[in-house]
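Worksheet for the structure shown next.
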Amino acid sequence: MRATTISGTLPGLILLAGLLWSAPAPADTEISNPPPSIDSPRRIMLQLTSDTPKDINNLLYNAVNLQKFYGQDQVQIVVVAYGAGMQALYAKSSPVVDRVKSLMQYDIQFIGCGNTMETTNHTPDELIPGVEVVTAGIAEIVERQLRGWVYVRP
């Protein structure tokens, strides 16, 4: 049996530490020109069409992460819900009512689809206070895209 001495393992440890220390740092996202600013924020719209709590929460985390990345004053975020996604915006049945209210306080806007509400026999007074209603959620997405909003379907 051979005994290992400290001097025999030390060079290996130093080599390992050097390899770990010299690993490149992860690259950050390169900001396009013009960079976002208070006067010219990034405008991002997220589509919500699922009624599963997991999907809804993932979308809300995306909104928070975007706001953290750009800074609250340098991004405008709107969540446009239609179809099954409307369940997240009804005050009595939403699995995320407190999160939606909280995100509204951080200037994240929520828009619901009037067509979906009509089809499912819901009225605007059933929505979480502060949720806006448009005639057609999908048309809202199209028109905002044409005005330069970035469309994300998480």
Side-chain angles (χ1 to χ4, degrees), residues 15-154:
L15 177 62
L16 179 61
L19 290 173
L20 293 174
W21 184 263
S22 65
D28 203 356
T29 301
E30 183 178 338
I31 302 296
S32 298
N33 283 318
S37 66
I38 290 174
D39 296 327
S40 182
R42 294 290 189 253
R43 297 179 307 163
I44 302 168
M45 120 186 92
L46 303 171
Q47 173 186 311
L48 178 58
T49 57
S50 174
D51 61 355
T52 66
K54 179 183 175 186
D55 292 342
I56 296 166
N57 278 301
N58 284 339
L59 180 134
L60 299 179
Y61 284 124
N62 287 331
V64 169
N65 288 336
L66 284 165
Q67 205 170 56
K68 282 182 186 177
F69 181 83
Y70 288 112
Q72 185 176 350
D73 293 335
Q74 296 184 49
V75 66
Q76 293 176 346
I77 299 170
V78 62
V79 175
V80 179
Y82 62 91
M86 286 298 297
Q87 291 303 314
L89 303 183
Y90 297 127
K92 289 185 179 178
S93 62
S94 173
V96 293
V97 65
D98 291 333
R99 286 195 70 200
V100 169
K101 288 178 181 179
S102 175
L103 293 176
M104 284 181 185
Q105 292 177 359
Y106 289 93
D107 295 327
I108 294 177
Q109 181 183 13
F110 290 83
I111 296 177
C113 176
N115 286 340
T116 299
M117 293 176 64
E118 183 178 328
T119 301
T120 58
N121 298 314
H122 285 89
T123 61
D125 61 318
E126 295 176 67
L127 294 169
I128 297 168
V131 172
E132 298 174 39
V133 178
V134 295
T135 302
I138 194 73
E140 182 72 12
I141 290 171
V142 169
E143 294 305 317
R144 282 183 184 247
Q145 270 191 290
L146 292 171
R147 292 192 309 265
W149 284 74
V150 175
Y151 169 53
V152 179
R153 185 176 185 266

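Treat the numbers as computed from the prediction; the structure is a model and nothing was measured.
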Thr123 side chain to Glu126 side chain, donor-acceptor N/O pair below 3.5 angstrom: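 Yes.
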Residues Leu127, Met86; criterion side-chain contact (heavy atoms from CB on, under 4.5 Å); working and verdict
CA-CA 9 Å; Leu127 294 169; Met86 286 298 297; 3.9 Å; yes
Task: Side-chain heavy-atom pair Arg144, Ile111 within 4.5 angstrom cut-off - done: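 Side-chain contact under 4.5 Å: yes.
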Q.
I want to check something: taking the side chain as every heavy atom from C-beta on, are Phe110 and Val100 in contact at a cut-off of under 4.5 Å?
A.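 They are in side-chain contact.
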query = Hey, is OH on Tyr106 packed in by over 12 heavy atoms from elsewhere, all under 6.0 Å?
reply =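 Atom OH in Tyr106 is not crowded, with 12 or fewer foreign heavy atoms closer than 6.0 Å.
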Checklist entry - Got more than 12 heavy atoms from elsewhere within 6.0 Å of CD, Gln145? => result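 Yes, because the 6.0 Å sphere around CD of Gln145 holds more than 12 heavy atoms from other groups.
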- [ ] Carefully, step by step, assess Leu60 and Val96 under the rule side-chain contact (heavy atoms from CB on, under 4.5 Å).
- [x] CA-CA 9 Å; Leu60 299 179; Val96 293; 4.0 Å; yes
*asked:* Using a strict threshold of under 4.0 Å (side-chain N to carboxylate O), is an ion pair present between Arg147 and Glu143?
replied: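 Judged by the 4.0 Å cut-off on N to carboxylate O distance, Glu143 and Arg147 do not form a salt bridge.
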TODO: Return yes if some donor-acceptor pair links the side-chain N/O of Thr119 with the main-chain N/O of Asn115 below 3.5 Å, else return no.
DONE: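 At least one qualifying donor-acceptor pair exists.
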- Between Asn58, Asp55, Leu59, which is the residue that forms a side chain to side chain contact (heavy atoms under 4.5 Å, CB included) with Ser50?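 Of the listed options, the one satisfying the test is Asp55.
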Test side-chain contact (heavy atoms from CB on, under 4.5 Å) on Ile31 and Phe69; report intermediate values, then the result. CA-CA 11 Å; Ile31 302 296; Phe69 181 83; 3.6 Å; yes
Requested in this report: Specify the closest pair of heavy atoms between Gln87 and Pro95, including all atoms of both residues, with the distance to one decimal.
Outcome: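 Shortest heavy-atom contact: O-CD, 4.2 Å.
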Report task. Apply side-chain contact (heavy atoms from CB on, under 4.5 Å) to the pair Lys101 and Ser94, showing each step before the final yes or no. Result -> CA-CA 11 Å; Lys101 288 178 181 179; Ser94 173; over 6 Å; no
